[in-house]
Amino acid sequence: MTAEPVPGAEPASATVPFGATSQLPAVGTLRLPARIHVGYGTRAQLPVIAAIHGRRVLAVVDPFLTGTPFYTELIGGMTDAGLDVRVYSDITPELPVGTLDAAGRTARDFGPDVIVAIGGGSALDAAKLIALLAAHGGPLAGYYGENLVPGPVVPIVALPTTAGTGSEVTPVAVVSDPARELKVGISSPFLVPAAAIVDPELTLAVPASVTAFSGIDALVHAVESYTAREFDLDLGATLPVFTGQNALIAPIALRAAAHLGPWLPRAVEEPGNRQARHEVALGALLGGIAFGATGTHLCHAVQYPLGALTKTPHGLGTGLMLPYVLDTIRDAPGTAARIADLDTALGGPTRDRVVEINRRIGVPATLADLGVTRDQLPHIAELALASKRLIAIAPVDPEPEILLDLLHRAFEGVLR
Ligand SMILES: NC(=O)c1ccc[n+]([C@@H]2O[C@H](COP(=O)([O-])OP(=O)(O)OC[C@H]3O[C@@H](n4cnc5c(N)ncnc54)[C@H](O)[C@@H]3O)[C@@H](O)[C@H]2O)c1
Ligand SMILES: [Fe+2]
């Protein structure tokens with residue numbers, strides 16, 4: 001029997017703050033795959049889930065996988081289930097847009113009912129873009145930016161083999177275009193895969209540096225999502241892909257941080273630790289759900305020019321920047337309470353915990369360590385500020401001097 005509400009009393013949920021101190025935003029938005037499976041053994045679901053969409057399967061497969069027993073298991077499993085599987089594994093690092101346009105034309109001729117994506121974030125992003133091209137034709141340059149995908153793409157079933165990007169659940173894919181200085185994103189709710197199968201078994205053999213850099217990027221996703229600005233959305237218009245802080249996401253972002261904080265260093269130090277691999281895969285998945293709705297902000301805005309300049313992995317740049325970004329945003333309105341929640345999730349002061357995690361997993365401490373020179377900082381700041389959508393999600397106002405101050409501290413290793 002349920003107790004009668006006491007007349008005049010506030011329902012508990014209206015007054016109990018979320019986490020330690022901060023309140024949930026008033027409005028929420030969440031766009032997700034129809035199915036998400038996570039845990040050891042879930043890859044066995046692949047044939048059943050692929051067959052939901054039809055018989056013709058285009059498998060977009062990370063090249064590393066072709067020499068492993070997983071290839072036989074996963075591709076053979078679908079063939080044994082009577083599916084007509086064609087494999088594409090010509091994934092070029094950094095995803096140059098020309099290679100994808102060509103792959104898209106081939107895919108369009110094949111006419112797949114479903115695209116199965118197996119691999120790291122690069123392979124998953126490639127599959128998402130091939131699914132876009134197979135449905136709507138090219139060139140990809142016509143879709144750069146937000147909300148320019150005209151309708152549903154070929155359904156994607158995504159199986160990540162790294163733990164980090166969250167691409168298996170996000171509405172975005174990133175490519176490089178020789179005509180542009182920075183990597184460029186295509187974001188649309190239509191790019192959210194139809195299903196995600198996150199089996200940590202697939203990540204057990206990930207090299208330490210990939211574990212470290214993709215894993216720290218996931219923690220950055222969680223922290224940037226949880227500290228995102230809250231927007232006053234126009235609820236009568238097409239919503240932006242990334243909506244800023246919202247009510248459905250906050251608890252997920254915190255959970256992501258709680259899984260990743262203690263377990264990422266363990267996964268790097270003990271690659272065969274099955275629980276660590278599980279926790280990091282789960283944290284990365286939750287981090288992807290979180291930032292896929294809210295967006296990310298300053299670490300990512302800086303990483304794009306930094307990555308282009310230093311040719312370093314995405315997560316190395318975002319992870320390196322995180323302690324300095326936390327110092328930049330901590331006095332922004334409402335942010336102290338959010339960081340206090342993250343402190344609880346991480347079991348200690350967030351900034352210090354991140355510094356410690358970076359040290360343990362081999363993320364360099366300063367921009368100088370990456371070979372960046374002081375005279376390059378203004379140009380990095382200028383390009384970061386040009387990422388207007390990312391900058392807008394930061395909880396601080398995007399003044400050029402704030403960016404320059406951030407970069408100088410990251411250059412010199414000054415923590416406040
Ligand atoms: N779409 C998104 O939401 C999103 C988010 C963040 C980053 N990204 C993009 O994702 C890319 C980075 O992805 P990533 O960190 O997964 O790296 P990655 O996909 O580039 O893979 C790194 C290397 O690890 C190999 N690899 C992958 N899985 C392996 C395994 N299980 N065992 C052994 N080797 C393995 C790959 O073949 C590759 O050589 C970047 O291009 C970034 O722009 C996308
Ligand atoms: Fe990222």
Side-chain angles (χ1 to χ4, degrees), residues 181-183 185 213 216-230 242 244-245 253 257 291 294-310 312-340 342-343 346 349-359 363-416:
E181 196 172 351
L182 304 186
K183 286 174 94 176
F213 300 144
I216 194 68
D217 189 40
L219 183 58
V220 179
H221 294 161
V223 172
E224 293 202 323
S225 174
Y226 198 64
T227 55
R229 186 184 284 260
E230 191 177 337
F242 299 111
Q245 176 80 223
F291 98 81
T294 59
T296 54
H297 54 82
L298 292 178
C299 295
H300 281 77
V302 170
Q303 196 284 326
Y304 286 109
L306 192 61
L309 186 70
T310 60
T312 46
H314 175 82
L316 184 154
T318 58
L320 186 159
M321 289 306 299
L322 185 56
Y324 307 105
V325 166
L326 283 161
D327 281 350
T328 297
I329 64 175
R330 69 179 178 202
D331 298 326
T335 305
R338 300 235 165 88
I339 293 179
L342 286 163
D343 293 349
L346 292 171
T350 301
R351 204 273 319 271
D352 298 348
R353 293 285 295 121
V354 173
V355 169
E356 166 70 5
I357 293 167
N358 277 349
R359 191 191 55 73
V363 173
T366 71
L367 292 180
D369 291 342
L370 293 194
V372 172
T373 54
R374 193 184 292 276
D375 59 315
Q376 289 171 325
L377 301 181
H379 188 52
I380 298 175
E382 196 184 314
L383 290 173
L385 279 167
S387 293
K388 291 208 164 44
R389 273 182 286 261
L390 288 170
I391 292 288
I393 290 166
V396 285
D397 290 330
E399 307 296 342
E401 50 276 22
I402 290 183
L403 251 284
L404 258 183
D405 172 62
L406 166 66
L407 288 169
H408 274 106
R409 281 184 287 106
F411 178 78
E412 285 160 8
V414 175
L415 295 167
R416 296 205 291 224

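- A distance of 8.0 Å separates CD1 in Ile339 from CZ in Arg330, rounded to the nearest 0.5 Å.
- For the pair Leu219/Leu346, a side-chain contact is recorded, criterion being any heavy-atom separation below 4.5 Å from C-beta on.
- Scored by the side-chain contact (heavy atoms from CB on, under 4.5 Å) test, Ala368 finds Thr366, Phe411 as partners (sequence neighbours excluded).
- Under the rule for a salt bridge (Lys or Arg N to Asp or Glu O under 4.0 Å), Asp343 has no partner lying at least two apart in sequence or in another chain.
- No side-chain heavy atom of Lys183 sits under 4.5 Å from any side-chain heavy atom of His314.
- Put simply, CD on Glu224 and OG1 on Thr294 are 9.0 Å apart, with the number rounded to the nearest 0.5 Å.
- Partners of Arg229 by salt bridge (Lys or Arg N to Asp or Glu O under 4.0 Å), not counting sequence neighbours, listed by chain and number: Asp397.
- Applying the side-chain contact (heavy atoms from CB on, under 4.5 Å) test to Leu309 and every residue at least two apart in sequence or in another chain returns Val372, Gln376, Ile380.
- Using a 4.0 Å cut-off between a side-chain N of Lys or Arg and a carboxylate O of Asp or Glu, Arg359 and Glu356 qualify as a salt bridge.
- Side-chain contact between Ile216 and Leu322 is absent, with no heavy atoms from C-beta onward closer than 4.5 Å.
- For the residue pair Ile391 and Pro398, the shortest heavy atom distance occurs at CG2-CB, 2.9 Å.
- Heavy atoms only, all atoms of each residue included: Met321 and Leu407 are closest at CE-CD2, 4.2 Å.
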Leu320 vs Asn358, test: side-chain contact (heavy atoms from CB on, under 4.5 Å). Steps then yes/no. CA-CA 7 Å; Leu320 186 159; Asn358 277 349; 5.5 Å; no
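- Partners of Glu181 under the salt bridge (Lys or Arg N to Asp or Glu O under 4.0 Å) rule, at least two apart in sequence or in another chain, do not exist in this structure.
- Summarising the geometry, atom OG1 belonging to Thr373 is positioned 10.5 Å from atom CG belonging to Leu367; distances are rounded to the nearest 0.5 Å.
- Scanning all heavy atoms of the two residues, the minimum distance from Gly317 to Leu306 falls at CA-CD2, 4.1 Å.
- Contact record, Pro364 with Leu370: CG-CD2, 3.7 Å, taken as the closest heavy-atom pair.
- Side-chain contact between Thr296 and Ile393 is absent, with no heavy atoms from C-beta onward closer than 4.5 Å.
- Closest approach of Pro333 to Pro395, counting heavy atoms only: CD-O, 4.2 Å.
- Taken from CD1 in Ile329 to OG1 in Thr227, the straight-line distance is 3.5 Å, to the nearest 0.5 Å.
- With sequence neighbours left out, the side-chain contact (heavy atoms from CB on, under 4.5 Å) criterion links Ala394 to His297, Leu298, Val396.
- Every residue was checked against the side-chain hydrogen bond (donor to acceptor under 3.5 Å, both in side chains) condition with Asp352, not counting sequence neighbours, and none meets it.
- Nearest approach of Ala365 to Asp369, heavy atoms of both residues: N-OD2, 3.3 Å.
- The side-chain hydrogen bond (donor to acceptor under 3.5 Å, both in side chains) test applied to Ser387 returns no partner, not counting sequence neighbours.
- The ring-ring contact (aromatic ring centres under 6.0 Å, His included) test applied to Tyr324 returns no partner, not counting sequence neighbours.
- Residue pairs satisfying the salt bridge (charged side-chain N to carboxylate O under 4.0 Å, His left out) criterion with at least one member in residues 401-416, sequence neighbours excluded, are listed as follows: Arg374-Glu412, Asp405-Arg409, Asp405-Arg416.
- Under the salt bridge (Lys or Arg N to Asp or Glu O under 4.0 Å) criterion, Asp331 pairs with no residue at all, not counting sequence neighbours.
- Not counting sequence neighbours, the partners of Asp327 by the side-chain hydrogen bond (donor to acceptor under 3.5 Å, both in side chains) test are Arg351.
- Rounding to the nearest 0.5 Å gives a distance of 4.5 Å between CG of Leu342 and OG1 of Thr350.
- Using a 4.5 Å heavy-atom cutoff, the side chains of Asp217 and His221 are in contact.
- Residues Leu403 and Val302 meet the side-chain proximity criterion, which asks for heavy atoms closer than 4.5 Å.
- Rounded to the nearest 0.5 Å, atoms CG (Leu404) and CD (Glu382) are 10.0 Å apart.
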